[in-house]
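Lettering of chains follows the sequences in order, A, B, ..., and the numbering in each one begins at 1.
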Amino acid sequence: MDDVLQAIYDSILEGRVTEVAAEVQRALAAGHPAGVILNQAMIAAMAEVGRRFETMEYFVPEMLVAARAMKEGLALLRPALVGAQIEPVGKVVLGTVSGDLHDIGKNLVGMVLEGAGFEVVDLGVNVPPEAFVAAVREHRPQVVGLSALLTTTMLAMKATIEALRAAGLRDQVVVMVGGAPVTPAFADRIGADLYAPEAASAAARARSRFADQGGAE
Amino acid sequence: MSSLDRLERHRRFWTGEPVDQPLQGVSREGAFFLQPFVALGVPDGDLRVADVPAPPLFRAAYYEPTLAGDPTDGDLLWVAKPPRALPWMEAIIGCCVEVAHCAQAMSALAPGVLPDLDRFDAEANAWLGLMTAFTRELAEWYGLRVPIGQTLMRGPSDMLAAFLGQGFYTEMIDHPDRIKRLARQCTQIWIQVLKSQYQHIPRYRGGYVSGIMGIWAPGPVAVYQEDAAGFISRQMYQEFFWEGDAAIAAAFEYSLLHLHSAALQHLELVLAIPQLTAVNVVVDPRGPALPDLIPDLQRIQRAGKALHLHGDLSEADLQLARSRLAPAGLCLWVVREK
């Protein structure tokens, strides 16, 4: 890998925000195409962060600072990406379900998805089913991500899926669920399409699902 | 049926002296701890101390019906305690409390303006005052008839995770000294709060009963948890929270630290807390299955700590636990997922 791309990769991996910004500017000034910076340095770094999270070399603090660095770099890169007509790999509407005010897991998933090249529409916490329905109508995402931390709010995931079905939108989106109490069996039972045990795997599973459907890879 | 008296078996749980079978109970409390608040008309949204119905109203709405329903839990005792739905410790340090009826839960949120914990004043703290009012009323109503105990009190990392929100995790990397200072302050407040409660908790048959677990001990028991620390590395736990957890264990005669099976990366460090008496492991639905946990559970027993195992344990799980774990210093607590 080129020195400047390697520097971006390393800075994201170690969560060094200021350095990522400087290196992205240096890479652009040196004439590196935005798509190359994004794919070879930034997305590759976040993939490595995800790998380290899954193998318990990284935990939430390391992942959050890496994602924060990625976000900073992406903000600088975005005009160049638009100029080069590089589209996001997909769009995700994301939120913590009704009654649940916990946001860290949902935020991590959002940052990781952005790091994997998705456009993320974050609806926040305590999002009622009808707000998910409205957001799907407005943003036309390919994926809806539902997060819950409490056993008592998991059922709101089912209510959200049912609301999407009642609105005739269920078949237009892939519904991904996750959160501490959520299990694959529960995801199956409520009719979700994807289950992500933690943030790192959410992006990989969403990308893989896209590939299966002939979308981005 | 054991030949030993129930309280003697409880005492031996803490000391690890021989018993013929472990303590065992099936919780009948369920997960809907918000119900008495809903029954008393507490609305959705922000909750201030003044919005909480007075303790005597809870007597009719919660404590008396619970007692009338015989809440005995196998070998374990039911303990009257301040309502556990409230995030007491988070509220005491200044977090906002939010009620969500549909979630059957209350959550603690980071306050808009962070109070200076150096200026924590126990005497003037309204949430601590309410906790004490509950404990005193319970002692007055039930005296020596029903054990009164500690309610759910989340530990320093959980307090800080609520206090700082997501910043809790990033600040450990960005400003470690600040988090260390806040963790020390939370630890001291935690100890101060529980000690203040023990001033009003009457002895029950010569000892005290751990509020959440229902296990009698000859002296005061501290039950605490560090769920937020389950999302950090072993090194960070050691750097930021080990010392505080050791201080809590040292401040009370008996102590029990709650851990999750999906986050046992700190187990070795927890077992190195010299005065910690017991470790609780909850078997998470997403964590390793019980057979895969057995080596860690045996490690806890080999380290001389009592082991309190809880979760939605099947009959096969219970048989496995009984066959692979020593009965001395063991409690199996079944909490059925609804």
Side-chain angles (χ1 to χ4, degrees), chain A residues 14-18 52-53 55-69 71 96-108 110-111 125-129 148-157 159 178-187 195-199 201, chain B residues 30-35 44-46 85 87 95-110 161-162 164-174 176 179 227-237 239-240 260 262-266 282 284-287 312 335 337-338:
Chain A
E14 289 163 32
R16 299 192 303 257
V17 172
T18 317
R52 292 185 186 191
F53 190 81
T55 56
M56 297 182 80
E57 293 164 73
Y58 272 18
F59 289 84
V60 168
E62 295 85 357
M63 196 172 199
L64 276 173
V65 295
R68 187 176 62 183
K71 207 175 171 85
T96 305
V97 294
S98 183
D100 202 320
L101 301 170
H102 298 88
D103 67 351
I104 294 176
K106 181 264 301 168
N107 292 349
L108 261 176
M111 289 192 270
V125 299
N126 192 16
V127 181
L149 185 78
L150 305 172
T151 51
T152 48
T153 53
M154 285 159 64
L155 295 177
M157 292 178 160
V182 180
T183 61
F186 176 78
Y195 159 73
E198 25 61 31
S201 61
Chain B
F32 300 105
F33 303 113
L34 192 69
Q35 271 172 355
D44 261 326
D46 292 344
C95 294
C96 305
V97 178
E98 191 84 12
V99 178
H101 285 189
C102 62
Q104 280 290 321
M106 290 190 198
S107 302
L109 302 177
L164 299 172
Q166 190 167 294
F168 165 65
Y169 294 103
T170 50
E171 287 281 279
M172 275 188 272
I173 291 174
D174 295 341
I179 296 295
D227 286 0
F231 299 108
I232 65 175
S233 67
R234 174 194 158 98
Q235 291 77 9
M236 280 191 169
Y237 172 72
E239 188 179 348
F240 294 101
H260 281 263
L264 289 178
Q265 68 267 25
H266 320 132
V282 56
D284 290 314
R286 290 187 346 164
D312 193 356
V335 180
E337 292 289 340
K338 297 285 188 296

Closest heavy-atom pair and its distance - A/Leu101, B/Ser107:
CD1-CB, 3.9 Å

Look at the rings of B/His266 and B/Tyr237 and say which category their plane angle falls in: under 30° parallel, 30 to 60° tilted, over 60° perpendicular.
parallel

Cut-off 4.5 Å, heavy atoms of chain B, and the answer for A/Glu57 is neither

Between A/Met63 and chain B, with a heavy-atom cut-off of 4.5 Å, which part of the residue counts as in contact: side chain, backbone, both or neither?
neither

So, does B/Gln265 use its side chain to make a donor-acceptor pair with the main chain of B/Gly230 at under 3.5 Å?
yes

Examine whether an atom of A/Tyr195 lies under 4.5 Å from a heavy atom of chain B, and if so say whether it belongs to the side chain, the backbone or both; otherwise answer neither.
side chain

Under 4.5 Å from a heavy atom of chain A, the part of B/Glu171 involved
neither

What heavy-atom pair brings B/Ala110 and B/Cys96 nearest, and what distance separates the two atoms?
O-SG, 4.3 Å

Check whether A/Val97 gets within reach of chain B through its side chain, its backbone, both or neither, counting any heavy atom under 4.5 Å.
neither

Hey, could you give me the NE2/CG distance between B/His101 and B/Leu34, rounded to the nearest 0.5 Å?
5.5 Å

dist A/Asn126:CG -> B/Asp44:CG (nearest 0.5 Å) comes out at 8.5 Å

Do you know which of A/Pro61, A/Pro197, A/Ala156 has the most heavy-atom pairs with chain B at a distance under 4.5 angstrom?
A/Pro61

With chain A, the option among B/Cys102, B/Ser233, B/Ala100, B/Gly287 that has the most non-hydrogen atom pairs under 4.5 Å is B/Ser233

Of the backbone (N, CA, C, O) and the side chain (C-beta and beyond), which part of B/Ile232 lies under 4.5 Å from a heavy atom of chain A, both, or neither?
both

All salt bridge (Lys or Arg N to Asp or Glu O under 4.0 Å) counterparts of B/Asp46, not counting sequence neighbours:
none

Does any heavy atom of chain B fall under 4.5 Å from the side chain of A/Ile104, the backbone, both, or neither of them?
both

Check whether B/Asp174 gets within reach of chain A through its side chain, its backbone, both or neither, counting any heavy atom under 4.5 Å.
side chain

If I measure from the heavy atoms of chain B, does A/Ala180 come under 4.5 Å with its side chain, its backbone, both, or neither?
backbone

With A/Arg16, which residues qualify under salt bridge (Lys or Arg N to Asp or Glu O under 4.0 Å), at least two apart?
A/Glu14, A/Glu19

Sort out for me which of A/Asn107, A/Leu149, A/Leu150 touches chain B most, counting heavy-atom pairs under 4.5 Å.
A/Asn107

Leading residue by heavy atom contact count with chain B [cutoff under 4.5 Å; candidates A/Gly99, A/Gly15, A/Pro181]
A/Gly99

Determine whether A/Arg52 and A/Glu62 make a side-chain contact, defined as any pair of heavy atoms from C-beta on separated by less than 4.5 Å.
no

